Protein chains: 2
Amino acid sequence: MARRSEHSLEELKAMVLDAAESIIIEEGFSALKVRKIAVAIGYTVGSIYMVFANMADLVMHINARTLDAIAAQLEQVQDCSAEQSIESLAVTYFSYASQNFNRWCKVFEYRLPADAEIPDWYQEKVDNVFALVEERFAELAPELSEDLRKRATRTLWSGVHGICVLSVTGKQDKAGIKDVEEMIVLLVRNFMRGWIACSNK
Amino acid sequence: MARRSEHSLEELKAMVLDAAESIIIEEGFSALKVRKIAVAIGYTVGSIYMVFANMADLVMHINARTLDAIAAQLEQVQDCSAEQSIESLAVTYFSYASQNFNRWCKVFEYRLPADAEIPDWYQEKVDNVFALVEERFAELAPELSEDLRKRATRTLWSGVHGICVLSVTGKQDKAGIKDVEEMIVLLVRNFMRGWIACSNK
DNA sequence: ACCTGAACACCGTTCAAGT
DNA sequence: ACCTGAACACCGTTCAAGT
């Protein structure tokens, strides 16, 4: 029963994306299967390959949405002193990660077997998240070169991310949410204290 | 051609483990398949399930070996001032991660769909790695409670780990090995500076 | 042009049957 | 008791065939 142009390819693409996103959110990262998506949108598997090259391509587009959601969340952080803002950004990041666990995981699940390149439009979204933190570093040390600021941002944020990752990979019970939040604050405060004390680098 | 007790079950287990480890090291995380292991050791797939419950079980045992290797590497770090030692431990950790990329990845690849518990013998190996870092924190602040030291260790080490993860996930080209090492040193130095300055917590 | 659905290659896992 | 190997259920992906 070929349903000719009941939906445009654009519409189909959006439907696939929505359905896949729902599956990940509701059933987790390992439940995403082409056949399940097909059933959800009322098409057959073949149709999905009309709008996405393969599963990896689809997942990359879902991850892009997640990165947008993270950026949107971070943008809502109240503006105050730079130090305080950076701390709030870090806690907000963790809060997003724990509340949107399955989506967040997918982004950092290991990826692309060596050969595959990260597309520019995707890298932009990653940079966009970092940029929100970097702005505050700029307020704090406007005299520093962009390079040094970028490095400090990347360093601290990777650290914050690492705490989120290990707290979530290891043992959810042993390290409760409150503990993780405290660890993040501890990392940010100590790093910032050290960073400011030694004003350059 | 059933080969009766040509090897003991213990020997078989070791053979499977060795073969699987080699595949991961040489061909990467996605190349590990039961059939490939079976061919490598000259048995059929069924035999593997005589000594391991399933793939996840097998992988967990490989990861245990990797954790042992990491601990062994960290133990070789020269003894000097606590601050210097912690920095060296962090750089050594990254060095192991980048030189044993595939094995290291497997350990932190996402895991166990919710239900599965982490066995005690495995958790011990994880704790063992942390303990090596914690010792130096103890030298640095012997007056602190074990709890506060553990938290500081876990925080900093998660941060170091995060830098390794993102540097390896994101873009190997853009952030070269030298850059990553500098980021790790930056994180450790600033964190330690901040931590010491504010002697408690 | 759009869509189907059967087919393909490839997984992990099981288990009756052999020695 | 140890081991085989065929079978099962389930993947992602392709493509000739239909409308």
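The chains referred to below are lettered A, B, ... by the order of the sequence lines, with proteins before strands, and numbering in each begins at 1. Quantities reported herein were computed from a predicted structural model and do not represent experimental measurements.
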(request) Mind calculating the distance between CD1 (A:I48) and C1' (D:dC15) to the nearest angstrom? (result) 16 Å
(request) Would you indicate what A:L32 reaches in the nucleic acid, counting non-hydrogen atoms under 4.0 angstrom: base, sugar-phosphate, or nothing? (result) sugar-phosphate
(request) Could you check how far CE of A:M50 sits from C1' of C:dC3, rounded to whole Å? (result) 6 Å
(request) Take the angle between the ring planes of B:H161 and B:Y93 and call it parallel below 30°, perpendicular above 60°, tilted in between. (result) tilted
(request) Can you figure out which of C:dG5, C:dG12, C:dT13 approaches the side chain of A:V45 most closely? (result) C:dG5
(request) From the options D:dG12, C:dT13, D:dC3, select the nucleotide whose nearest atom is closest to the side chain of B:R35. (result) C:dT13
(message) Using whole Å, what does the distance between atom P of nucleotide C:dC2 and atom NZ of A:K13 come to?
(response) 14 Å
(request) Specify the separation, in whole Å, of atom CE of A:M55 and atom P of D:dC10. (result) 17 Å
(message) If you only use heavy atoms from C-beta on, which nucleotide in D:dC11, C:dG12, D:dC2 is closest to the side chain of B:V34?
(response) C:dG12
(request) Send over the distance from B:F52 CZ to C:dG12 C1', rounded to a whole Å. (result) 16 Å
(message) I want to verify a distance call: between D:dC3, D:dG12, C:dG12, whose nearest atom is closest to the B:Y49 side chain?
(response) C:dG12
(message) Could you tell me how far apart A:N54 (CG) and D:dT14 (P) are, to the nearest whole angstrom?
(response) 8 Å
(request) Could you check which of C:dT13, D:dT14, D:dT4 has an atom nearest any side-chain atom of B:Y43? (result) D:dT4
(message) Output the rounded distance in Å from CD1 (A:I37) to P (D:dC11).
(response) 12 Å
(message) Would the distance check show the side chain of B:Q84 and the main-chain N or O of B:S81 forming a donor-acceptor pair, the cut-off being under 3.5 Å?
(response) no
(request) Determine: side-chain N/O of B:S47 to OP1/OP2 of D:dT4, distance under 4.0 Å, yes or no. (result) yes
(message) Taking B:R149's backbone N and O only, do any of them form a donor-acceptor pair with B:T153's side chain (distance below 3.5 Å, no angle check)?
(response) yes
(message) Return the pairing partner of D:dT19 with a 3.5 Å limit on both distances, Watson-Crick or G-U wobble; otherwise return none.
(response) C:dA1
(request) Measure from the side chain of B:L9, starting at C-beta and using heavy atoms only, and say which of C:dC3, D:dC3, D:dG12 lies closest. (result) D:dC3
(message) Could you tell me the Watson-Crick or G-U partner of C:dT14, where both distances fall under 3.5 Å? Say none if there is no partner.
(response) D:dA6
(request) Output, in order, the C-alpha distance, side-chain angles, deciding distance and verdict of salt bridge (Lys or Arg N to Asp or Glu O under 4.0 Å) for B:K178 and B:E181. (result) CA-CA 5 Å; B:K178 226 31 212 150; B:E181 221 171 276; 3.3 Å; yes
(request) Rounded off to whole Å, could you give me the NZ-to-C1' distance for the B:K33 and C:dT13 pair? (result) 15 Å
(request) Looking only at side-chain atoms of B:T44, point me to the closest of D:dT4, D:dT13, D:dA7. (result) D:dT4
(message) Treating B:S22 as the side-chain partner and B:D18 as the backbone partner, does any N or O pair qualify as donor plus acceptor under 3.5 Å?
(response) yes
